[in-house]
Amino acid sequence: MKRILFVIIFSFSVTFISAQQKFNFEFDFAQFAYDSTSNYVELYYSFDQNNLTIQKLDTLTYTAGRIRLNIVDSLTNKSVFQKEYRVTNVINAQNTSDNKLLVSKIGFILAKGSYSIYIIGRDDLDSTKAKLLGEKIKIRPLINHDISVSDIELAKSIKSEGVNKESIFYKNTLEVIPNPTILFSATAPIMYYYAELYNLNVQDTTKPMLLNRILYNSRGKEINRKSKIINRSRASLVEVGLINLIKYPTDNYNLVLKLVDSLNNKVIYSNKKFFYYNPDFKDTVLSVASNYGYMSSEFGVYSEEECDDVFDKCKYIASEREIEQYEKLDSLNIKRDFLYRFWRSRDLEPETDRFEFKEQYFDRVEHCNNKFGSFNKKGYKTDRGRVYLMLGEPDQVDMFPNETDKKPYEVWYYNTIEGGVLFVFGDLTGYNDYELLSSTKRGEIRDDNWSRRITTN
């Protein structure tokens with residue numbers, strides 16, 4: 001599933017947390033059959049309780065998060081569903097650092113069509129602790145005249161005995177605890193999955209079908225397969241199972257359910273991608289294949305939109321050739337590998353797994369967004385943001401916000417660059433978007449009469 005960020009206006013305001021503080025809020029979804037015109041969508045989300053404010057009510061200690069959900073019809077650009085939810089969890093006040101996730105679920109019905117899901121997760125009391133995520137979804141009704149398979153729900157656990165029938169995770173006699181992060185690790189290597197099969201008896205019920213469960217790695221190599229016979233005596237069936245990932249290396253994986261209907265010469269697929277982190281497993285194939293170095297890095301789970309967003313922010317320090325190369329890339333994995341190499345080549349400490357220079361650079365991006373942004377432009381895209389990202393903190397800044405005959409302007413000084421250079425920025429529009437008026441640095445615009453552009457009389 002591609003994770004993307006959207007700019008969207010809700011009917012309330014929220015200040016988003018700094019990326020360096022890593023407010024951990026994630027979501028996933030799966031759609032199941034409802035009727036011939038609609039599907040039932042389950043949306044799973046999680047908060048890291050360590051990020052949430054601890055609250056007390058009488059003798060109870062608990063954490064709470066809020067989410068705002070907005071679903072927009074892609075054709076009409078109109079909202080079809082908008083609601084805010086609050087979810088709480090009682091915790092042990094003596095043990096608040098156990099890093100347990102607060103997981104919950106929302107269900108709703110969507111008619112046939114294409115939609116964008118926008119979701120903001122935030123702390124119940126502190127609105128600066130927030131994260132905005134988005135996802136596109138296409139609804140094709142699963143109740144029809146053909147055999148069909150639902151989406152695959154990835155789960156932390158599936159219980160068939162001792163279940164809580166009042167749980168929001170109870171369905172079809174099972175208690176299915178979702179994993180909204182779609183991330184598994186060596187400390188919790190069991191991946192559970194849940195899916196539903198429909199319209200099985202629309203054809204000759206005497207001819208069985210074959211259901212293959214296949215696990216592929218990021219190179220498309222099949223590494224696990226299990227098959228079973230599916231009879232047609234019932235209209236629908238639930239398919240659940242598990243895979244122990246402990247013997248596999250860190251990588252992106254693709255779980256595929258393949259239902260083979262040989263009677264009608266049809267194959268129906270459903271798939272789900274996820275990431276598995278196993279730092280103690282040394283894959284000799286991956287270790288010698290430099291093309292897959294990105295797989296064990298943070299870039300290995302980036303969506304295409306995230307790749308493009310990251311590269312857009314680092315264009316200021318990229319060469320013209322690198323920009324041309326990236327613009328020609330048409331594969332997600334190639335983009336991931338490009339970014340991995342881009343930042344590795346600039347790494348301050350290559351012997352470590354961290355990208356120290358990237359961390360420093362995105363600290364600058366965050367500073368620019370917080371300080372230089374205007375109502376319609378992110379801070380890193382402004383002239384001041386560009387200079388700050390390229391050159392860092394100025395040695396001196398002279399600010400002139402309130403001169404009677406001039407529009408607001410600033411003069412930045414860098415004393416150690418080219419023997420000393422300056423940049424003059426002016427707020428010509430009055431919207432805090434300071435344009436570069438003149439600079440003494442080589443390669444920048446120079447206008448010795450820049451003051452005429454900010455004179456108001």
Task: Side chains of Gln55 and Asp124, donor plus acceptor under 3.5 Å - done: yes
- [ ] Spell out, as yes or no, whether a donor-acceptor pair under 3.5 Å connects the side chain of Asn231 to the backbone of Ser233.
- [x] yes
- [ ] Take Tyr326 and Asp308, measure what side chain to side chain donor-acceptor pair (under 3.5 Å) needs, and give me the verdict at the end.
- [x] CA-CA 9 Å; Tyr326 188 84; Asp308 293 344; 2.7 Å; yes
Task: Heavy-atom donor-acceptor pair, Ser303 side chain to Glu306 backbone, under 3.5 Å - done: yes
Task: Short side-chain donor-acceptor distance under 3.5 Å, Asn224 and Arg213 - done: yes
Open item on the list: For Tyr40, is the OH atom crowded, meaning more than 12 foreign heavy atoms sit under 6.0 Å from it?
Closed with: yes
- [ ] Determine, for Asp28 against Lys272, whether the closest basic-nitrogen to carboxylate-oxygen distance falls under 4.0 angstrom.
- [x] yes
Open item on the list: Please find the pair of heavy atoms, one from Ile147 and one from Arg232, that lie closest to each other, and give the distance.
Closed with: CD1-NH1, 3.7 Å
Task: Expected output: side-chain Asp261 to main-chain Lys266 donor-acceptor under 3.5 Å - done: no
- [ ] May I ask you to test the Val72-Tyr115 pair for a side-chain heavy-atom distance under 4.5 Å?
- [x] no
Task: Under-4.0 Å salt bridge between Lys228 and Glu239 - done: yes
Open item on the list: Between Asp35 (side chain only) and Asn39 (backbone N and O only), is there a donor and an acceptor less than 3.5 Å apart?
Closed with: no
- [ ] Kindly give the heavy-atom pair with the smallest separation between Tyr170 and Asn164, and that separation in Å.
- [x] CB-O, 3.6 Å
- [ ] Report yes if the side chains of Ile117 and Leu43 come closer than 4.5 Å at any heavy-atom pair, otherwise no.
- [x] yes
Open item on the list: Any donor-acceptor pair under 3.5 Å linking the side-chain atoms of Ser79 with those of Asn70?
Closed with: yes
Open item on the list: Between Lys315 and Ile323 (side chain of the first, backbone of the second, donor and acceptor by atom type, cut-off under 3.5 Å), is there such a pair?
Closed with: no
Task: Whether Phe372 and His367 hold their rings parallel, tilted or perpendicular, with breakpoints at 30° and 60° - done: perpendicular
Task: Heavy-atom pair with the smallest gap, counting every atom of Val240 and Leu174 - done: CG1-CD1, 3.7 Å
TODO: Walk me through it: do Asn278 and Leu245 pass the test side chain to side chain contact (heavy atoms under 4.5 Å, CB included)?
DONE: CA-CA 9 Å; Asn278 189 357; Leu245 303 169; over 6 Å; no
Task: For Cys307 against Arg336, the heavy-atom pair lying closest together - done: SG-CG, 3.9 Å
TODO: Would you kindly say whether Asp123 and Thr53 are connected by a side-chain donor-acceptor distance under 3.5 Å?
DONE: yes
Task: Heavy-atom side-chain proximity of Tyr316 to Tyr361 below 4.5 angstrom - done: yes
Open item on the list: What I want to find out is whether Lys165 reaches Glu175 closely enough, with some N-O distance under 4.0 Å, to be called a salt bridge.
Closed with: no
Task: Side chains of Tyr340 and Glu298, donor plus acceptor under 3.5 Å - done: no
- [ ] Mind checking the OG1-NZ spacing from Thr61 to Lys56? Nearest 0.5 Å is all I need.
- [x] 5.0 Å
Task: Set of side-chain hydrogen bond (donor to acceptor under 3.5 Å, both in side chains) partners for Arg234, sequence neighbours left out - done: none
TODO: Determine yes or no for a side-chain-to-main-chain donor-acceptor pair under 3.5 angstrom, with Asn199 supplying the side chain and Asp146 the backbone.
DONE: yes
Open item on the list: Is the terminal nitrogen or CZ of Arg346 (NZ for Lys, CZ for Arg) located under 6.0 angstrom from the six-membered ring centre of Phe342 and within 45° of that ring's axis?
Closed with: yes
Open item on the list: Measuring only between side-chain heavy atoms, which start at C-beta, is Leu154 closer than 4.5 Å to Tyr192?
Closed with: no
Open item on the list: When you compare the side chains of Asn212 and Ser227, does any donor N or O come within less than 3.5 Å of an acceptor on the partner?
Closed with: yes
TODO: Compare all side-chain heavy atoms of Leu69 with those of Phe81 and state whether any distance is below 4.5 angstrom.
DONE: yes
Open item on the list: Does the plane of the ring in Tyr302 sit parallel, tilted or perpendicular to the ring in Phe299? Use 30° and 60° as the thresholds.
Closed with: perpendicular
Open item on the list: I'd like to know whether the aromatic ring centres of Phe311 and Phe338 sit less than 6.0 Å apart in this structure.
Closed with: yes
Task: Donor-acceptor contact present, side-chain Thr37 to main-chain Ala111, <3.5 Å - done: no
TODO: Assess the side chains of Thr181 and Glu26: does a donor N or O sit below 3.5 Å from an acceptor N or O?
DONE: no
TODO: Please determine if Lys78 and Asp73 form a salt bridge, counting it only when a charged side-chain N lies under 4.0 Å from a carboxylate O.
DONE: no
Task: Nearest-0.5 Å distance that lies between atom OH in Tyr62 and atom CG in Leu102 - done: 12.5 Å
TODO: Output yes when a side-chain donor or acceptor of Arg225 lies under 3.5 Å from a complementary backbone atom of Ile214, and no otherwise.
DONE: no
Task: Pairing residues for Glu196 by the side-chain hydrogen bond (donor to acceptor under 3.5 Å, both in side chains) criterion, not counting sequence neighbours - done: Asn172, Tyr194, Tyr198
Task: Leu133 vs Phe25 side-chain heavy atoms within contact, under 4.5 Å - done: yes
Task: Atom of Glu42, atom of Lys171 and distance for their closest heavy-atom approach - done: OE1-NZ, 2.7 Å
Task: Distance-only side-chain donor-acceptor flag, Asn217 / Asp251, under 3.5 Å - done: no
Open item on the list: Looking at Ser148 and Leu142, would you say the former's side chain and the latter's main chain have a donor-acceptor pair under 3.5 Å?
Closed with: yes
Task: Cation-pi geometry met for Arg344 and Phe355 (6.0 Å, 45°) - done: yes
TODO: Any chance you could measure Arg66, atom CZ, to Arg68, atom CZ, to the nearest 0.5 Å?
DONE: 10.0 Å
- [ ] Working to the nearest 0.5 Å, report the span between CG of Leu257 and CD1 of Ile152.
- [x] 4.0 Å
Open item on the list: Is it true that, when you exclude Glu393 itself, more than 12 heavy atoms of the residues, nucleotides or ligands shown sit nearer than 6.0 Å to its CD?
Closed with: yes
Task: Residue pair Phe23 / Gly121: nearest heavy atoms and the distance that separates them - done: CE2-O, 3.5 Å
Open item on the list: Applying the side-chain hydrogen bond (donor to acceptor under 3.5 Å, both in side chains) criterion to Lys377, which one of Thr382, Asn432, Asp433 satisfies it?
Closed with: Asp433
Task: Polar side-chain atom of Arg122 near backbone of Lys131 as donor-acceptor pair, under 3.5 Å - done: no
- [ ] Kindly indicate whether the side chain of Ile158, heavy atoms from C-beta on, has any atom under 4.5 Å from the side chain of Glu153.
- [x] no
Open item on the list: Is a donor from one side chain sitting under 3.5 angstrom from an acceptor on the other, for Asp48 and Ser46?
Closed with: no
Open item on the list: Go through it in stages, so that I can follow the logic: the residues are Phe274 and Phe184, the test is ring pair (Phe, Tyr, Trp, His ring centres under 6.0 Å), and I'd like the CA-CA distance, side-chain angles, deciding distance and then a yes or no.
Closed with: CA-CA 8 Å; Phe274 64 94; Phe184 296 86; 5.8 Å; yes
Open item on the list: Heavy-atom count check: over 12 atoms from other residues, nucleotides or ligands less than 6.0 Å from Phe108 CZ?
Closed with: yes
Open item on the list: What I want to check is whether the side chains of Tyr380 and Asp312 have a donor and an acceptor closer together than 3.5 Å.
Closed with: yes
Open item on the list: Counting C-beta onward and ignoring hydrogens, is there a side-chain heavy-atom pair between Val41 and Ile109 closer than 4.5 Å?
Closed with: no
